[in-house]
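Since the structure comes first, as structure tokens, the remarks are kept for the end.
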Amino acid sequence: MTSNQTEENKGNILIVDDTPENLQVLSATLSDRGYKIRGVINGKMAIRAARSGSPDLILLDIKMPEMDGYEVCTQLKADPKTSEIPVIFISALDEVLDKVTAFQVGGVDYVTKPFHVAEVLARIEHQLTIQRLKKELMDRNTQLQKEIIERKKAEEVAAAASLAKSQFVANMSHELRTPLNAILGFTQVMSRDSLLNNENIENLRIINRSGQHLLELINDVLDLSKIEAGIIGLDERSFDLYQLLDTLEEMFQIKAEITNLQLRFFVQANVPQYIKNDEKKLRVCLINLLANAIKFTPEGGSIWLRASLESNQQQHESAINLNSRSPEECGIIFEVEDTGVGIAAAEIDNLFDAFVQTEAGKKAADGTGLGLTITRKYVQIMGGNIGVESVLDQGSSFKFNIRAFPAIESEIKVTTLQRVIGLEAEQPVYRILAVDDNQENRLLLVKMLQPIGFEVLEAENGLQAVELWESWQPDLIWLDTRMPVMDGLEAVRQIRVKEKATQGRTVIIALTASTFEERKGEIIAAGCDDFVRKPFQEQILFDKMACYLGVRYICEQLPGVPVGALRRYFVAEKPDSFFLSLLAEMPRYWVQELYEAVNDVNEELAIEIVDRISETNPILADALKDLLADYRLDRILALTQLILK
């Protein structure tokens with residue numbers, strides 16, 4: 001139907017018949033049924049009317065003077081303007097050949113005279129319904145074509161955005177990892193200095209460990225798209241949970257002290273020391289939560305990290321021995337609580353969404369809004385969930401759980417720490433070419449390799465590298481991939497071509513700051529023997545040179561953190577009943593003295609008072625010393641108050 005039809009007009013019909021009586025009957029009947037009718041008495045008029053009026057359907061007689069119905073239909077179907085108008089023949093001719101001819105010239109139906117009005121109406125309505133459905137289908141196809149075009153445009157925009165994102169991530173990877181390579185590398189170089197005292201050596205180790213944590217965080221942020229795609233899975237290994245917490249406390253303690261914050265760790269005694277789960281992901285989660293707690297806690301506040309077994313595990317704690325394997329899976333709860341600025345109730349629902357920051361976060365102008373998103377994803381991968389409780393201007397508590405199996409100490413892999421200090425005698429003098437446009441990275445390679453006994457030359461771009469290769473013939477080239485003038489991959493291609501004339505082959509190992517795995521294939525295809533990602537550990541460089549050149553080293557062993565080493569703060573909080581039963585046995589004056597000392601916040605006097613009972617009541621003395629060591633004067637005050645009442 002055409003768009004100018006009203007609700008009462010069921011369709012525009014053109015009737016073509018040279019008999020006026022037939023026109024009148026059909027016109028009157030169809031008009032009464034709601035159709036708009038136009039009648040003509042010959043073929044030429046029919047063609048003009050069809051072209052000018054665009055009827056929805058034509059009722060066409062066959063036998064007419066000058067031009068019969070077959071010819072009219074043929075011309076209508078040949079004209080693009082009228083070819084889609086359905087034609088129903090109405091004729092007194094009832095031979096099969098007549099009907100076949102009607103369909104051959106383009107008719108859609110055939111009614112024999114004399115006709116029944118009901119039959120004509122039924123056939124008309126049937127054809128108009130077909131036309132209406134056909135039009136709806138065409139409109140829908142047109143709409144689908146538009147949607148397909150729009151979708152293709154959107155896909156092109158998305159592809160361009162994805163490419164821009166990939167380029168941004170690649171550039172950020174390079175820009176972040178390149179300076180971090182120098183930071184971590186020079187801590188290793190400085191640690192070789194024999195004049196350093198133990199304190200400075202330990203400081204360098206802390207810098208190096210913190211840098212490693214930063215590197216892992218950078219990698220996690222750059223891999224956020226992989227997390228969302230579900231590509232990153234669980235890397236389940238046995239590790240020392242206490243040692244992990246020990247390292248985190250060491251990492252954050254200095255920053256907490258700078259801002260005058262009290263940072264305390266508490267681990268229930270029944271929490272297994274050795275567990276099997278994803279150590280890296282757990283570390284990232286705890287780092288994110290502790291970093292936020294420190295950032296949003298005002299000076300003088302407090303931060304607690306607590307580790308405990310889930311309540312339904314308490315009944316099984318006897319089956320979990322800290323130094324023996326238990327087949328039972330356990331749930332471990334970690335809670336990071338602070339006395340910080342808190343989070344408004346309206347912000348909590350969207351807190352874990354990507355790139356979302358609270359009002360406090362926006363004011364701090366620090367962070368990307370990804371930390372909590374990554375934390376939640378990692379917690380879910382480790383088999384748990386995370387939640388938050390917070391009161392504005394009072395503080396927040398983030399609590400999450402993980403599923404883990406207790407492990408045993410022998411399952412923990414201990415890396416033997418050793419340092420290369422020289423080359424064994426009776427070896428050739430190895431020539432090493434360091435190629436990098438970053439001066440600090442070249443200097444790092446020189447300072448790592450020259451003191452050991454390697455001859456090292458530098459080049460700041462691929463063109464210089466090719467020229468030095470021709471004149472100096474190095475045994476191995478450490479080659480950066482992104483450089484001006486000529487990049488590393490083009491340099492290695494040119495060297496490999498030139499080598500065909502010399503029948504020799506130089507070992508070339510790429511140094512790349514990229515985190516993308518697809519770069520590995522590109523680097524190897526260009527002609528490199530291997531590649532190392534920045535930032536790198538010096539031991540990796542020495543291992544690669546030993547592998548490809550057969551270099552033999554003189555090494556010294558370094559002290560490491562033994563598996564199972566515990567820090568002082570891993571003290572299980574004993575229940576009030578434990579203290580009250582022992583304090584009740586003590587003289588009242590002694591309890592009064594202890595109460596007054598802690599009430600005056602006189603820690604030295606409190607320690608002196610507790611020392612008096614070390615020989616007579618060592619169990620109580622040790623427990624009170626643990627509380628004093630953890631600055632729990634508040635708890636001692638509450639306990640002594642109960643006794644004195």
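Side-chain contact between L244 and R283 is present, with heavy atoms from C-beta onward closer than 4.5 Å. K399 places none of its side-chain heavy atoms less than 4.5 Å from the side chain of I386. In this structure, L594 and I636 have side chains that are in contact, with non-hydrogen atoms separated by less than 4.5 Å. The shortest distance between side-chain heavy atoms of I607 and K625 does not fall below 4.5 Å. Contact check for F252 versus L261: no side-chain heavy atoms found under the 4.5 Å cut-off. Put simply, the side chain of T375 does not reach to within 4.5 Å of the side chain of F352, judged on heavy atoms. I402 has its side chain out of reach of I333: every pair of non-hydrogen atoms, C-beta onward, lies at least 4.5 Å apart. Here the side chains of I332 and L309 are in contact, with some heavy-atom distance below 4.5 Å.
Comment: E556 engages R419 in a salt bridge, judged by a side-chain N to carboxylate O separation of less than 4.0 angstrom. Taking 4.0 Å as the cut-off between side-chain N and carboxylate O, D235 and K281 do not count as a salt-bridged pair. Ion pairing between E593 and R612 holds under the 4.0 Å rule for side-chain N and carboxylate O. Between E156 and R151 there is no salt bridge, since no side-chain N of the basic residue sits under 4.0 Å from a carboxylate O of the acidic one.
Scanning both residues, C285 and M382, for their nearest heavy atoms gives SG-CE, 3.9 Å. Across every non-hydrogen atom of P298 and G340, the tightest pair is CD-CA, 3.7 Å. Considering all non-hydrogen atoms of both residues, N401 and N385 come closest at OD1-N, 2.9 Å. For the pair V271 and A307, the tightest heavy-atom approach, listed with the atom from each and the gap, is CG2-O, 3.7 Å. Looking at every heavy atom in both residues, I643 comes nearest to R588 through O-NH1, 3.8 Å. For the pair S302 and T297, the tightest heavy-atom approach, listed with the atom from each and the gap, is N-CG2, 4.1 Å.
Under the rule for a side chain to side chain donor-acceptor pair (under 3.5 Å), E279 has no partner lying at least two apart in sequence or in another chain. Here S390 pairs with S396 under the side chain to side chain donor-acceptor pair (under 3.5 Å) rule; sequence neighbours left out.
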Derivation of the side chain to side chain contact (heavy atoms under 4.5 Å, CB included) call for Q253 and L263: CA-CA 7 Å; Q253 189 63 54; L263 177 64; 4.0 Å; yes

Residue pair M448, L541: steps toward the side chain to side chain contact (heavy atoms under 4.5 Å, CB included) verdict: CA-CA 9 Å; M448 281 185 173; L541 299 189; 3.9 Å; yes

Side chain to side chain contact (heavy atoms under 4.5 Å, CB included) evaluation trace for T481 with F531: CA-CA 10 Å; T481 56; F531 78 105; over 6 Å; no

Stepwise side chain to side chain contact (heavy atoms under 4.5 Å, CB included) check, L286 with L245: CA-CA 9 Å; L286 293 174; L245 297 175; 3.8 Å; yes

From CA spacing to verdict: side chain to side chain donor-acceptor pair (under 3.5 Å), S397, E335: CA-CA 7 Å; S397 173; E335 181 182 11; 2.5 Å; yes

Salt bridge (charged side-chain N to carboxylate O under 4.0 Å, His left out) assessment of R403 paired with E310: CA-CA 10 Å; R403 313 306 302 172; E310 290 182 349; 2.9 Å; yes

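Atom CZ of F579 is separated from atom CZ of R635 by 5.5 Å, given to the nearest 0.5 angstrom. How far CD1 of I294 is from CG of L289: 11.5 Å, rounded to the nearest 0.5 Å. Atom CG in N350 sits 12.0 Å away from atom CG in L372 (nearest 0.5 Å). Atoms CZ and CG, from F405 and N277 in turn, are 10.0 Å apart once rounded to the nearest 0.5 Å. Here the CD1 atom belonging to I523 is positioned 4.5 Å from the OG1 atom belonging to T512, to the nearest 0.5 angstrom. Rounded to the nearest 0.5 angstrom, Y378 OH and T373 OG1 are separated by 12.0 Å.
Between the W590 side chain and the V610 main chain, no donor and acceptor come within less than 3.5 Å of each other. For N438 (side chain) and E440 (main-chain N/O), a donor-acceptor pair under 3.5 Å exists by modelled atom type.
Within 6.0 Å of CD in E257 there are more than 12 heavy atoms belonging to other residues, nucleotides or ligands.
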